[in-house]
Structure formats: structure tokens, C-alpha cells
Amino acid sequence: MTAPATTAAAPLRRAVQRLGAIDDGGLLRLAFFALLAGVAAMLFVDFRELAATQDASFDRPLQPILPPALEGPNPGPMPAITTDPALLQQPLEIALGSGGVLTLTGTIDPGAAARFASEIAARGEYVQTVQLDSPGGAVRDALAIGELIHDKGLATQVLAGALCASSCPIVFAAGTTRSASPASAIGVHQLYATALAGATPDALRMAGAAMSDAQATTAEIITALTRSGVDPALWLHALQTPPERLYYFSVEEMQRLNLVTVLLQD
């Protein structure tokens with residue numbers, strides 16, 4: 001009578017033995033990527049809820065928000081942002097300034113990556129640093145901008161009083177050197193459906209496509225961070241922070257996660 005119980009327990013024992021054979025680093029990686037995979041389920045719910053409650057087109061990003069800092073004992077207060085909110089709400093403006101600084105100001109709207117690529121193609125020989133002041137926006141465009149920054153070996157920068165939030169840190173993380181001030185506002189939160197711009201509206205309304213897109217986008221973000229030497233654990237803060245809040249990184253966190261390589265003095 002005990003044989004069935006023994007047989008049923010065999011798969012459990014084998015699973016425990018396999019886990020025991022994994023070193024501590026492997027277990028941490030396993031837990032880390034399991035948590036990343038979990039974001040797909042959360043995004044899937046966001047897609048379904050937004051599709052059911054909004055008539056807005058899925059190919060148009062939500063208006064950028066400047067949410068308060070995440071409540072809790074660890075994150076600090078919301079840094080002071082000196083940029084005019086009306087300017088941050090405008091589609092991304094790309095302007096070449098003096099000293100090889102290309103400024104990106106405003107919301108990363110669908111199509112921003114194409115405009116950025118055109119600017120680099122036309123005047124890229126003058127560009128050395130990409131200066132950011134943005135509440136984020138279309139994630140796919142942010143990934144494409146970041147990839148081009150990485151390929152061209154450009155530096156990135158967020159000045160004191162400037163904002164780099166939501167998908168903007170993906171762009172910032174792509175710099176060969178990444179400069180920021182203790183008074184720079186750099187923060188992340190969970191992705192939401194309309195931030196995943198680039199896919200067609202019909203695809204976004206399909207549950208299967210939404211799940212696949214969420215998984216692929218999360219993988220792309222982690223790949224981009226790792227490629228630039230940024231600790232992918234940075235994105236755990238995004239996964240843990242609801243869209244109506246922002247997790248602002250402290251100076252210590254920005255340096256420990258290798259997000260900032262050069263600390264500017266105010």
C-alpha cells in the first residue's frame with residue numbers, strides 16, 4: 001500500500017535533488033528570471049483592463065505623468081524637477097547644442113526613434129553626449145534609441161533638476177559613460193499597455209499577442225541593461241512599482257547598480 005505514495009514522491013525528490021545541485025548564484029539567477037517572467041502576467045492583466053475600460057487608441061501613449069515617489073522606508077523623496085511640465089508633455093524634441101551635446105526633451109512618442117536616427121545620420125559626427133530630460137513613453141522607441149546610442153559609443157547625461165523616468169532610464173543606461181547629479185530625478189515603474197507602443201492596435205487587443213509582446217519587451221530591456229554593464233536588478237524596482245508611482249533611485253543605488261558611472265557635482 002505504500003508503493004503508490006513512494007512512486008508519487010519520486011518526482012518531488014528528483015526536483016529537490018536538481019535544485020540542490022544548483023549553486024547559490026544559479027538559484028539567484030533562477031529566482032531573478034522567474035520574477036521577470038512574472039511581469040508578463042501583470043502586463044497581460046493591464047492590457048485586458050485597458051482594452052475593456054478605454055476607448056483611446058492603443059497606438060497613442062498616455063499623457064506623461066509625474067507621480068510621487070513610491071511610499072515606503074527605502075525610496076527617498078521625489079527629487080525637485082525644474083523642467084516645465086508642459087515641455088515634458090510635448091513629443092520628444094531633439095536639438096544639437098554646443099560641445100557635441102544632443103538634447104532629448106519631452107515624451108518619447110512613437111516615431112521618436114526614427115527622428116533620433118535621422119538626426120544621428122545627418123549630424124552624428126558632432127554628437128558626443130545625449131542629454132536627457134524626459135518622463136519616458138514608448139518603450140520600443142526607447143529601446144531603439146538606446147541601441148543606437150550604444151552602437152555609436154555615445155555618452156548619456158541627466159542634469160540636476162532634470163527628469164529621466166519610466167522608459168527613459170533604458171535610454172540613459174545605453175551610454176558608454178553615464179553622468180548624473182545627486183539632484184537628478186531618475187525613476188522607474190511598471191510598464192503599462194499604452195507604453196508598449198509600436199505594435200498595431202489590433203495586436204495589442206489580442207490576449208496572446210499581448211502576452212508575447214510583454215515577455216519579449218521585458219527580455220529586450222534586460223538584454224539592453226546587461227549589454228551596457230548595468231545591473232539588471234535595477235529593473236526589479238520597476239516590476240515592484242505600480243504605474244501610478246515612481247521608484248526614484250538614490251545616489252548610492254545608482255552607483256551600486258552601475259547605472260551612473262560619473263557623478264556630477266552641482
Side-chain angles (χ1 to χ4, degrees), residues 59-66 78-188 194-195 197-198 221 224-225 228 230 246 248-249 254 259-266:
D59 62 357
R60 185 175 65 251
L62 294 175
Q63 287 296 313
I65 56 175
L66 301 179
M78 177 176 174
I81 299 168
T82 58
T83 309
D84 183 353
L87 186 61
L88 293 174
Q89 291 180 4
Q90 298 302 312
L92 194 69
E93 180 180 339
I94 304 170
L96 182 61
S98 60
V101 176
L102 186 68
T103 61
L104 274 59
T105 307
T107 299
I108 302 174
D109 56 305
R115 299 198 305 274
F116 179 77
S118 296
E119 183 69 19
I120 294 297
R123 298 190 287 177
E125 67 271 17
Y126 302 110
V127 179
Q128 299 176 14
T129 302
V130 177
Q131 192 175 98
L132 298 161
D133 196 356
S134 170
V139 176
R140 293 196 182 282
D141 282 74
L143 284 164
I145 292 172
E147 183 175 3
L148 188 53
I149 287 173
H150 176 81
D151 291 346
K152 295 295 183 180
L154 303 177
T156 52
Q157 186 178 80
V158 180
L159 298 179
L163 174 69
C164 185
S166 189
S167 64
C168 177
I170 298 172
V171 179
F172 177 64
T176 52
T177 60
R178 302 176 288 275
S179 307
S181 159
S184 303
I186 301 178
V188 293
T194 51
I221 292 170
L225 294 175
S228 297
V230 177
L246 271 174
Y248 291 101
F249 293 102
M254 289 191 289
L259 178 61
V260 169
T261 59
V262 178
L263 189 63
L264 302 174
Q265 299 301 318
D266 298 334

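Between the side chain of Thr261 and the main chain of Arg178, a donor-acceptor pair closer than 3.5 Å is present. A donor-acceptor pair under 3.5 Å links the side-chain atoms of Ser181 to the main chain of Ala183, judged by distance alone. Under the 3.5 Å distance criterion, the side-chain polar atoms of Ser166 are left unmatched by any main-chain donor or acceptor of Gly136. The closest donor-acceptor contact from the side chain of Thr103 to the backbone of Ala95 lies under 3.5 Å.
Contact record, Ser167 with Ala138: OG-O, 4.1 Å, taken as the closest heavy-atom pair. When every heavy atom of Pro135 is checked against every heavy atom of Thr107, the shortest pair comes out as CG-OG1, 3.8 Å. A pairwise comparison of heavy atoms in Cys168 and Ser134 identifies CB-O, 3.8 Å as the closest pair. Annotation for Gly146 and Ala174: closest pair O-CB, 3.1 Å, computed over non-hydrogen atoms. Across all their heavy atoms, Leu225 and Ala173 have their closest contact at CD2-CB, 3.6 Å. Across every non-hydrogen atom of Val260 and Val262, the tightest pair is CG1-O, 3.3 Å.
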With a 3.5 Å cut-off and sequence neighbours excluded, list the donor-acceptor pairs that the side chains of residues 148-157 form with protein atoms.
{"unit_1": "Thr156", "atom_1": "OG1", "unit_2": "Phe172", "atom_2": "O", "d": "2.7"}
{"unit_1": "Gln157", "atom_1": "OE1", "unit_2": "Gln131", "atom_2": "NE2", "d": "2.8"}

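Of the inter-residue distances, the one linking Glu125 atom CD with Ile120 atom CD1 reads 9.5 Å to the nearest 0.5 angstrom. Rounding to the nearest 0.5 Å gives a distance of 6.0 Å between CZ of Phe116 and CG of Leu104. Note: Leu143 CG to Ile170 CD1 = 5.0 Å, rounded to the nearest 0.5 Å. Rounding to the nearest 0.5 Å gives a distance of 11.0 Å between SG of Cys164 and CD1 of Ile81. Of the inter-residue distances, the one linking Leu87 atom CG with Leu163 atom CG reads 11.5 Å to the nearest 0.5 angstrom.
Here Ala162 pairs with Asp133, Val158 under the side chain to side chain contact (heavy atoms under 4.5 Å, CB included) rule; sequence neighbours left out. Residues meeting the side-chain hydrogen bond (donor to acceptor under 3.5 Å, both in side chains) test with Glu119, sequence neighbours left out: Arg123.
At a threshold of 4.5 Å between non-hydrogen side-chain atoms, the residues Ser184 and Met254 do not count as touching. Using a 4.5 Å cut-off on side-chain heavy atoms (C-beta onward), Asp109 and Asp141 make no contact. Between Leu92 and Ile145 the shortest side-chain heavy-atom distance falls below 4.5 Å.
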